[in-house]
> 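Following this message is one structure expressed as structure tokens.
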Amino acid sequence: MSDLEVDPPHQQQQQQLAMTPRRGRHSGRRGGGCLAAHPSAQEAVPQAASPSSPSSSTTARVCPLIEGVEDNWTWSKRHRSKEVVLSGPNSRTVHFHPNWSKGTAGVQGKRPLNNGRHYWELHVSQRVFGTSIMFGIGTKSARLHANAFRNMLGENEHGWGLSHKGVLWHKGVALLYTKRFRENHPTQIGVLFDGIEGTLTYYKDGKCLGVAFRGLNQIEEPLYPIVCSTAAKTEMTLKCTRREFVSLQDRCRAVIMRRVRSASRLEKLKLPLPISDYLSEVIDEMEPLRQVNQLEMCILNYDL
């Protein structure tokens with residue numbers, strides 16, 4: 001069996017899993033804001049930046065970390081699957097399974113991103129299909145190759161990933177997060193990693209999907225960007241990489257809010273309004289994501 005060909009049309013009409021977006025407060029703070037052109041975007045469930053394909057909307061947008069600077073990391077030629085080929089300026093384009101696929105291939109970024117704020121965008125070609133195409137971060141212990149079709153990023157405690165089927169993975173646990181990506185259609189995925197607050201947020205085609213993972217500031221090992229795919233001839237290009245300088249004020253807020261945690265507790269402190277507003281920018285109260293049940297997992301894995 002191979003993730004070589006696109007799923008037949010009748011499968012594309014298959015019933016989609018009902019996702020339950022977590023509704024929470026989205027911050028418009030420096031470096032953390034969603035796309036300005038989409039004020040209705042909610043930081044509750046992850047999503048990405050607007051695609052550059054001809055079929056996409058031409059609405060102007062603002063990149064997260066707009067007050068930051070361009071970053072220059074790229075994909076590692078050393079830490080990658082044998083089924084990954086890098087090309088283009090600064091090796092920013094990843095080709096997975098250039099001939100045919102019989103497993104899962106991944107590649108790691110060159111540089112760890114802990115202790116700062118980083119945003120990157122990936123333009124994914126129209127070959128969106130198969131068992132799993134994933135985006136996220138992981139430690140050096142995260143696998144970059146498997147001789148089977150699997151959700152490799154997040155299969156254990158070493159990775160945190162989002163699958164193109166709209167499911168988050170970490171420690172082998174799947175959580176419903178957003179709608180399944182449209183198959184055979186180019187898309188743009190944005191990833192916002194806040195190493196100070198310890199959060200990972202996704203963007204998709206111009207909409208912020210919200211915080212996906214928390215507690216990443218407690219990970220002592222270096223964390224690297226990672227992408228992987230089971231589908232043959234998949235292509236992703238790193239279009240944007242930005243980082244933000246972190247101030248002592250940001251670090252102090254992170255420490256304080258680990259204790260406060262909620263808007264109601266913050267209100268009880270009766271702080272001056274400017275301080276209260278600044279602290280509240282990082283509060284994101286939302287319903288917990290629901291774990292995928294056995295039936296839903298069967299549907300997710302049903303690829304002809």
> Looking at every heavy atom in both Ala231 and Ser101, which two are closest together, and how far apart are they?
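Between these two residues, the closest heavy atoms are C-CB, 4.4 Å.
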
> Would you say Ile137 ends up clustered with Leu175 if hydrophobic residues are merged whenever their side chains have heavy atoms under 4.5 Å apart, either directly or through other cluster members?
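Yes, because Leu175 and Ile137 connect within a single hydrophobic cluster, where side-chain heavy atoms sit under 4.5 Å apart.
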
> So how far is it from Ile196 CD1 to Arg117 CZ, rounded to the nearest 0.5 Å?
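Ile196 atom CD1 to Arg117 atom CZ measures 6.0 Å (nearest 0.5 Å).
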
> If Ile, Leu, Val, Met, Phe, Trp and Tyr residues are connected whenever their side-chain heavy atoms lie under 4.5 Å apart, and connections chain through other members, are Leu86 and Leu122 in the same group?
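Yes, because Leu86 and Leu122 connect within a single hydrophobic cluster, where side-chain heavy atoms sit under 4.5 Å apart.
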
> Within a strict 4.5 Å, meaning less than it, do heavy atoms of the Pro225 and Phe193 side chains meet?
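No - every pair of side-chain heavy atoms lies 4.5 Å or more apart.
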
> Check whether NZ of the Lys or CZ of the Arg Arg243 lies under 6.0 Å from the centre of the six-membered ring of Tyr119 and within 45 degrees of that ring's axis.
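Negative - Arg243 is either too far from the ring of Tyr119 or too far off its axis.
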
> Quick check against the 3.5 Å criterion: does His79 have a side-chain atom that pairs as donor or acceptor with the backbone of Lys110?
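Checking the backbone N and O of Lys110 against the side chain of His79, no donor-acceptor pair under 3.5 Å is found.
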
> Would Val84 and Ile189 show up in the same hydrophobic cluster when neighbours are defined by side-chain heavy atoms closer than 4.5 Å?
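The answer is yes; both residues are in one hydrophobic cluster.
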
> Tell me, do Ile219 and Trp160 make a side-chain contact under 4.5 Å, heavy atoms counted?
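When only atoms from C-beta onward are counted, Trp160 and Ile219 do touch, with a gap below 4.5 Å.
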
> Would Glu267 and Lys270 pass as an ion pair if we require N to O under 4.0 Å?
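Here Glu267 does not pair with Lys270 in a salt bridge, since their nearest N and O are not under 4.0 Å apart.
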
> Supply the atom-to-atom distance Leu266 CG to Ser276 OG, rounded to the nearest 0.5 angstrom.
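Taking CG in Leu266 and OG in Ser276, the distance rounds to 4.0 Å.
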
> For the CZ atom on Arg111, are there more than 12 heavy atoms of other groups (residues, nucleotides or ligands in this structure) within a distance under 6.0 Å?
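Yes, the 6.0 Å shell around CZ holds more than 12 heavy atoms from other groups.
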
> Could you report the tightest heavy-atom contact between His145 and Ser81, atom names first, then the distance?
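The answer is ND1-OG, 2.7 Å.
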
> Taking only residues two or more places apart in sequence, or in another chain, which ones meet Arg242 in a salt bridge (Lys or Arg N to Asp or Glu O under 4.0 Å)?
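Counting only residues at least two positions away or on another chain, Arg242 forms no salt bridge (Lys or Arg N to Asp or Glu O under 4.0 Å).
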
> At what distance, to the nearest 0.5 angstrom, does OG of Ser229 lie from CZ of Arg127?
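Those atoms lie 9.5 Å apart.
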
> With no hydrogens and no angle check, just 3.5 Å: does a side-chain donor-acceptor pair link Ser87 and His95?
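Per modelled atom types, Ser87 and His95 side chains form a pair under 3.5 Å.
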
> Distance only, no hydrogens: is a donor on one side chain within 3.5 Å (strictly under) of an acceptor on the other, for Thr241 and Arg92?
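Side-chain D/A pair, Thr241 to Arg92: present.
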
> Does Glu157 have more than 12 heavy atoms from other residues, nucleotides or ligands lying within 6.0 Å of its CD?
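Result for CD/Glu157: enclosed.
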
> Find the distance between CZ (Phe96) and CD1 (Ile133) and round it off to the nearest 0.5 Å.
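Answer for the CZ-CD1 pair, Phe96 versus Ile133, is 8.5 Å.
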
> Could you verify whether a donor N or O on one side chain and an acceptor N or O on the other, from Asp194 and Thr199, lie under 3.5 Å apart?
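No, no side-chain donor-acceptor contact under 3.5 Å.
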
> Taking all atoms of both residues into account, what is the closest heavy-atom pair of Lys102 and Phe149, and its distance?
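The pair with the smallest heavy-atom distance is C-CE2, 3.6 Å.
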
> I'd like to check the salt bridge (Lys or Arg N to Asp or Glu O under 4.0 Å) partners of Glu155; sequence neighbours left out, ordered by chain and number.
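Here the qualifying residues are Arg143, Arg150.
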
> Going by side chain to side chain donor-acceptor pair (under 3.5 Å), Gln188 matches just one of Glu121, His123, Lys239. Which one?
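In the set Glu121, His123, Lys239, the residue that makes a side chain to side chain donor-acceptor pair (under 3.5 Å) with Gln188 is Glu121.
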
> Could you tell me whether the side chain of Ser132 reaches within less than 4.5 Å of the side chain of Ser163, counting heavy atoms only?
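Contact flag for Ser163/Ser132 side chains = yes.
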
> Side chains of Leu238 and Trp73, heavy atoms from C-beta outward: is any pair under 4.5 Å?
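A side-chain contact under 4.5 Å exists here.
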
> Would you find a donor on one side and an acceptor on the other, under 3.5 Å apart, between the side chain of Asn114 and the backbone of Leu223?
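Present.
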
> How close do Pro98 and Val85 get, heavy atom to heavy atom, and via which atoms?
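Looks like CG-CG2, 3.9 Å.
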
> Has the side chain of Thr104 got a donor or acceptor atom that lies under 3.5 Å from a matching backbone atom of Thr230?
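Flag not set: sc Thr104 to bb Thr230 has no pair under 3.5 Å.
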
> Do Tyr224 and Leu200 share a hydrophobic cluster, counting only Ile, Leu, Val, Met, Phe, Trp and Tyr and linking them when any side-chain heavy atoms are less than 4.5 Å apart?
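No, because Tyr224 and Leu200 fall into different hydrophobic clusters, even though each may have its own neighbours under 4.5 Å.
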
> With a 3.5 Å distance limit and no angle check, can you tell me whether Arg214 reaches the backbone of Gly198 through a side-chain donor-acceptor pair?
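Side chain of Arg214 to backbone of Gly198: no pair is present.
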
> Membership question, hydrophobic clusters at under 4.5 Å side-chain separation (ILVMFWY): are Val227 and Val191 in the same one?
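Per the 4.5 Å side-chain linkage, Val191 and Val227 are co-clustered.
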
> Could you give the distance from CH2 (Trp75) to CD (Gln108), rounded to the nearest 0.5 Å?
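The distance works out to 9.5 Å.
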
> Is the closest side-chain heavy-atom distance between Leu153 and Trp169 below 4.5 Å?
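They are not in contact (no side-chain heavy atoms under 4.5 Å apart), so the answer is no.
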
> What is the distance from atom CD of Gln126 to atom OG1 of Thr234, rounded to the nearest 0.5 Å?
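OG1 of Thr234 is found 11.5 Å from CD of Gln126.
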
> May I ask you to test the Lys77-Ser91 pair for a side-chain heavy-atom distance under 4.5 Å?
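Yes, close enough: below the 4.5 Å cut-off.
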
> With the side chain counted from C-beta on, respond yes when Asn151 and Met134 share a heavy-atom pair under 4.5 Å apart, and no when they do not.
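Heavy-atom side-chain distance check passes, below 4.5 Å.
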
